Amino acid sequence: MTANSTITRFAPSPTGRLHIGNARTALFNGLLARRTGGEMILRLEDTDRERSRADFEQGIFEELRWLGLDWRQGPDTGGPHAPYRQSERQVIYDEYYRQLEDANLAYPCFCSQESLKLARKTLLAAGKPPRYAGTCANLSRDEVESRFAAGKKATLRFRVPSNETVSFDDIVRGEQRFATGDIGDFVIRRTDGTPSFFFSNAVDDALMGVTHALRGEDHLANTPRQILLSRALNLPSPRYGHFPLVLDSDGGPLSKRLGSLGLADLRDHGYLPLALANYLARLGHGYAEEKFRSLEELAADFDVNRFGRAPAKYDPGQLRHWQKEAMLRLTDDDFEAWLLVHAGPLFTALDADARRAFTLAVRDNVALPVDAERMAERLLGNDIGNDADVIAVIAEAGGSFFRDAAALLDDAETFSEFSKAVGGKTGQKGKALFMPLRAAFSGETHGPEMARLWQLLGKEKIRARLAHAAEIADKS
């Protein structure tokens, strides 16, 4: 790592499984770090004691590594700035709380949630920013001690300077300016002693040497608060970049509750990690060439100047496109191993030679498990199915076409010889010759190369399928 290396961080909360919005944030930070020979730190925001869970934490480690991301600093690896779980950094936070209180830059707030909600509602109704009114900002030491002695609990609020402007150069959105008068004094420590998001992130980013923080635009309003805290504590701030959010296919925000968009679900449904990486790297960010890339290539051409401004929408069709590209790049052995997991019992029951024949036949036509299962049913099952377009092709060819074809099987050694003989016998050529044969062989109108199907099925199975096609044609 060089002196100019970028240090980024991904700081998820272990309160659920990672969805593709989380994964995109992690990927962007990982790519930015890789491009400069830097590194990404993994930090867990686990101060929500009720919702944080060990299994979610383990899932974060597994899913990020499956995606191809790595880190040399994190809860599971340690590092020079350990600990990397915020729940284990309370002693550090307490020291900085004392600094702020000693400088009269923070004060206890005894306001109830009910009174705060009412004040917020009143301000919003008046068209004003919902900022804290400063009710507890000027309590005397005696008043504070009296309330604590009475058993009242308090948050700790940061005293925001008045009539100032916080500005910063967002590496995605350009210059941003916020009036402190619109922010109001904000909570930096909850009543249970745990830190707020603003506080722990500002402190941890500084102490861990984070130079760049890429995150969703929903965090944009948090940034001036974190900058104010860093200045008050004489700590450095990273350069921030806020990119547009990802919306689901219906135009709503992504959520951890949408299991269909979870990394674990995508992995279990057969998606390859590099397919997902190629998709996510283009979700709100562009590349000069729309070609399939390795992680190293994605990083080399990653450019924060290529972020869009409009929200990106999750598109299953585009994800499938990159999945197909990734599948085509698998070796035959790796593709066969994938089929063993996803193609179903008809495939796993085959012997080694038959499995390899099926693998070679279908590899250009399979992107997802549903494709593999369909191919297995059509090619390894006992009939050709009943798809309307297939039945129409068979009916148009007529029963005599298939009976003539069956009669020529024994004299042909290859599909090329067989199709030439069938064409000569029936007078058909082109689509009128090959489409009915494909429909009879595979129960599909498009699919694997016919020569591969010839090798996979064998003459006896082809003979049975031609006879079945003739029966269908005669009844149509």
Side-chain angles (χ1 to χ4, degrees), residues 7-15 21-22 24-26 28-29 32 41-48 51-52 86 89 92-93 96-97 100 105-106 109 116 120 123-124 129-132 155-162 164-190 194-208 210-233 235-246 253-256 284 304 307 309 311:
I7 306 299
T8 65
R9 49 84 166 164
F10 179 55
S13 299
T15 56
N22 306 135
R24 183 182 68 149
T25 299
F28 285 163
N29 281 282
L32 180 59
I41 296 171
L42 179 62
R43 188 175 71 225
L44 291 180
E45 296 178 356
D46 61 344
T47 57
D48 187 336
R51 297 175 58 222
S52 295
Q86 289 186 336
R89 296 176 64 81
I92 298 172
Y93 303 142
Y96 286 101
Y97 288 135
L100 293 175
L105 295 177
C109 174
L116 292 172
R120 178 183 176 86
L123 288 169
L124 288 172
R131 56 174 296 226
Y132 178 62
T155 60
L156 187 68
R157 285 187 182 271
F158 177 71
R159 201 183 296 276
V160 175
S162 59
E164 292 186 12
T165 298
V166 179
S167 63
F168 64 95
D169 182 22
D170 189 296
I171 55 179
V172 175
R173 304 169 65 90
E175 185 180 9
Q176 303 293 307
R177 299 173 65 84
F178 293 84
T180 56
D182 294 335
I183 296 174
D185 297 350
F186 54 88
V187 173
I188 57 176
R189 186 177 66 203
R190 306 183 186 99
T194 58
S196 71
F197 169 85
F198 312 119
F199 185 83
S200 56
N201 271 263
V203 170
D204 289 345
D205 283 348
L207 298 185
M208 294 180 182
V210 174
T211 63
H212 294 72
L214 292 178
R215 56 190 185 179
E217 63 184 10
D218 53 331
H219 287 290
L220 183 60
N222 299 334
T223 303
R225 293 169 170 83
Q226 292 176 248
I227 291 174
L228 286 169
L229 282 168
S230 297
R231 289 176 181 172
L233 293 168
L235 294 173
S237 293
R239 291 198 64 193
Y240 292 100
H242 298 86
F243 45 78
L245 301 180
V246 183
L254 287 182
S255 167
K256 292 180 183 178
V304 294
F307 278 112
R309 293 297 179 90

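Treat the numbers as computed from the prediction; the structure is a model and nothing was measured.
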Exercise. Would you mind reporting whether Leu229 and Phe186 have side-chain heavy atoms less than 4.5 Å apart?
Key: yes
Quiz item: Do Pro311 and Leu245 have side chains that get closer than 4.5 Å, going by heavy atoms?
Solution: no
Self-check item: Residue pair Arg190 / Phe197: nearest heavy atoms and the distance that separates them
Solution: NH2-N, 4.4 Å
Quiz item: Are side-chain N/O atoms of Ser230 and Ser237 paired as donor and acceptor at under 3.5 Å?
Solution: yes
Quiz item: Nearest 0.5 Å, what's the CD-NE2 distance between Gln226 and His219?
Solution: 8.5 Å
Self-check item: Passing option when His242 is tested against Asp170, Asn222, Asp218 for side-chain hydrogen bond (donor to acceptor under 3.5 Å, both in side chains)
Solution: Asp170
Practice problem: Return the minimal non-hydrogen interatomic distance between Asp182 and Pro129, and the atom names on each side. | Solution: OD1-CG, 3.7 Å
Exercise. Work out which heavy atom in Thr223 is nearest to a heavy atom in Tyr240; give both atom names and the distance.
Key: CG2-CD1, 3.4 Å
Self-check item: Matching residue for Asp205 among Arg9, Arg215, Arg239 - test: salt bridge (charged side-chain N to carboxylate O under 4.0 Å, His left out)
Solution: Arg9
Quiz item: Are any of the side-chain heavy atoms of Pro224 and Ile183 separated by less than 4.5 Å?
Solution: yes
Exercise. Would you give the length of the straight line joining atom CG of Asp204 to atom CD1 of Ile41, rounded to the nearest 0.5 angstrom?
Key: 9.5 Å
Self-check item: Separation of Glu45 CD from Phe10 CZ (nearest 0.5 Å)
Solution: 9.0 Å
Exercise. Report the distance from atom CZ of Arg189 to atom OG1 of Thr47, rounding to the nearest 0.5 Å.
Key: 14.0 Å
Quiz prompt | CG on Leu42 to CG on Asn29, rounded to 0.5 Å | solution = 11.0 Å
Exercise. Report yes if some heavy atom in the side chain of Leu228 is under 4.5 Å from a heavy atom in the side chain of Val166; otherwise report no.
Key: yes
Practice problem: For the pair Phe243 and Phe28, name the ring-plane relationship: parallel under 30°, tilted 30 to 60°, perpendicular over 60°. | Solution: perpendicular
Practice problem: Determine, step by step, whether Gln86 and Asn201 satisfy the side-chain contact (heavy atoms from CB on, under 4.5 Å) criterion, reporting the C-alpha distance in whole Å, the side-chain angles of both residues, the deciding distance to 0.1 Å, and the verdict. | Solution: CA-CA 9 Å; Gln86 289 186 336; Asn201 271 263; 4.1 Å; yes
Quiz item: Can Val203 and Tyr97 be said to form a side-chain contact (heavy atoms from CB on, under 4.5 Å), step by step?
Solution: CA-CA 11 Å; Val203 170; Tyr97 288 135; over 6 Å; no
Practice problem: Work out which heavy atom in Asp185 is nearest to a heavy atom in Val160; give both atom names and the distance. | Solution: OD1-N, 2.8 Å
Quiz item: Does the Ser196 side chain pair with the main chain of Val187, one donor and one acceptor, at a distance under 3.5 Å?
Solution: yes
Quiz item: With a 4.5 Å limit on heavy-atom distance, are the side chains of Leu44 and Ser13 in contact?
Solution: no
Quiz prompt | Closest non-hydrogen atom pair, Leu214 against Thr25 | solution = O-CG2, 3.7 Å
Practice problem: May I ask you to test the Leu220-Arg173 pair for a side-chain heavy-atom distance under 4.5 Å? | Solution: yes
Quiz item: Is there a side-chain contact between Glu217 and Pro244 (heavy atoms, below 4.5 Å)?
Solution: yes
Quiz item: Between Tyr93 and Phe199, what is the ring plane arrangement, given parallel below 30°, perpendicular above 60°, and tilted in between?
Solution: perpendicular
Quiz item: Between Thr211 (side chain) and Ile7 (backbone), is there a donor-acceptor pair under 3.5 Å?
Solution: yes
Self-check item: Closest contact, heavy atoms only, Arg231 versus Ser167
Solution: NH2-O, 4.1 Å
